[in-house]
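Quick note: numbers below take in every heavy atom, side chains included, and nothing from hydrogens, waters or symmetry partners. All figures in this text were calculated on a predicted structure; none of them were measured in a lab. Chain letters run A, B, ... following the sequence lines, proteins first and then strands; every chain starts at 1.
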2 protein chains.
Amino acid sequence: MSEPVRPLRADAARNRELLLAAAEEEFAERGPDSSVADIARRAGVGKGTVFRHFATKEDLIAAIVVQHLEPLFTAAQRLLTADDAGAALLEFLSVAADQRQQHDVSFLQSASENHTSVIELRDRLFNAVIELTDRAREQGSVRQDVTGVDIWVLICAPVHVVSYLPNPAPDQWRRYLAIIFDGLRPEGAHPLPQPAPTLT
Amino acid sequence: MSEPVRPLRADAARNRELLLAAAEEEFAERGPDSSVADIARRAGVGKGTVFRHFATKEDLIAAIVVQHLEPLFTAAQRLLTADDAGAALLEFLSVAADQRQQHDVSFLQSASENHTSVIELRDRLFNAVIELTDRAREQGSVRQDVTGVDIWVLICAPVHVVSYLPNPAPDQWRRYLAIIFDGLRPEGAHPLPQPAPTLT
DNA sequence: TACCAAGTTGACCGCCCGGTCCGTTTGCGG
DNA sequence: CCGCAAACGGACCGGGCGGTCAACTTGGTA
């Protein structure tokens, strides 16, 4: 079943990394309509080389998304072993926001929803967020009526709202994460008007 | 200085409305890359007619944005006369979210940032939000360290986070508006790590 | 060092986009 | 009801896109 994949040639491996880095920068700067030709130019390779490494533009996007989800998943797993689950949840949200602030490619997620590699990693990350949230709720660090799905959809909010500012400070998202997290705390919580959603 | 603009012919006026409605639907369903040809087809007119009414695609987008900002501004002005400024602010955020939930074209805002008509209306709306927020803060309905700019960037958040759900209930945004608004209340507020931003 | 598979390249293809243009149709004042 | 300006429609244009391919270069190995 398993294929004895030969290692990439040295120049090919280097070009692959150059391409991923260039594509990430290009998407972060120019948005979701960045062209493959521009990405190739930024990486200093021909356009044909892009398609040798990634069969379609969508495959390239999926590779970038995976590269972003991976360290997030690692962080989530590490934080699952922390004693203070509330602080762990807050730090996870900080790590996620900080990563997005550097290179915001969140708009690529929807363009790679069909790739199994993205789906698998995304689901594992989702489950880790559920666990983080459950632990924080059990310790009374967040309100009783908040679920992992709530946290899941709120991950992106701090960075997103900052994108409406003309020249935001690099850490501006911290202000809005703090506001939102205050809304998640048990103290002074008002009843929620809608039941918690699911992902199905 | 003023031009004696003749009234539109009956069919032209009707087509203009058809086009605006069709474009709004098309953008809401297909996203920011909807084509002018598809919009014309949905409106039941030729492509040339689109460009008779709106010189460029950007002009069409700006007209849609203005059509969305106008009722929002009206609502904000009305709510400025309410007694309970905290409830007024919450209702303004509800009106804004409810409108966006019906036809989310918020991604068009950035594509029409150069149009004076959009800029003027947006600035007037912004000032109204400042006033609404100042009144709510003075009445102690929201925390002392929150500003109108904070509210301004948070307007879009409830609808945005819901967009990450596969089949959201029409009122799902209310859950997240409630969470965020709890974070804006004075009770149990933790100090904010970053100063309030400005729009310049 | 000589060989060749692996890798690179950029011209090229078909497609679709925003925008133009002119021949045709139509609403409406006299 | 007539005449015409206003409005309409769709073929057409230049340009940029994702993706292909055949000629060329190069890294690793025997």
**Asked** If only atom types and distance count, is the side chain of B/Gln139 paired as donor or acceptor with the main-chain N or O of B/Ala85 below 3.5 Å?
**Response** yes
What is the distance, to the nearest angstrom, from the [atom1] atom on [X] to the [atom2] atom on [N]?
| X | N | atom1 | atom2 | value |
| --- | --- | --- | --- | --- |
| A/Asp38 | D/dG19 | CG | P | 15 Å |
| A/Phe27 | D/dG18 | CZ | C1' | 12 Å |
| A/Leu18 | C/dT8 | CG | C1' | 14 Å |
| B/Leu60 | C/dC17 | CG | P | 15 Å |
| B/Arg14 | C/dT26 | CZ | P | 11 Å |

**Message:** Using only modelled atom types and a 3.5 angstrom limit, is any donor from either the side chain of B/Arg9 or the base of D/dA7 paired with an acceptor on the other?
**Reply:** no
[N] phosphate, OP1 or OP2, under 4.0 Å from [X] side-chain N/O:
| X | N | answer |
| --- | --- | --- |
| A/Lys47 | C/dG10 | no |
| B/Thr49 | D/dA7 | no |
| A/His53 | C/dG7 | no |
| B/Asn15 | D/dC8 | yes |

**Asked** If you pin B/Ala12 and A/Glu58 to their nearest nucleotides in DNA chain D, which one's is more 5'?
**Response** B/Ala12
Run the salt-bridge test on [X] and [Y] with the 4.0 Å N-O cut-off and return the result as yes or no.
| X | Y | value |
| --- | --- | --- |
| A/Glu25 | A/Arg30 | no |
| B/Arg14 | B/Asp11 | no |
| A/Glu91 | A/Arg78 | yes |

**Asked** C/dG18, C/dT8, D/dG28: which one has an atom nearest the side-chain heavy atoms of B/Phe51?
**Response** C/dG18
**Asked** Mapping B/Lys57 and A/Gly48 onto DNA chain C by nearest heavy atom, which one lands closer to the 5' end?
**Response** A/Gly48
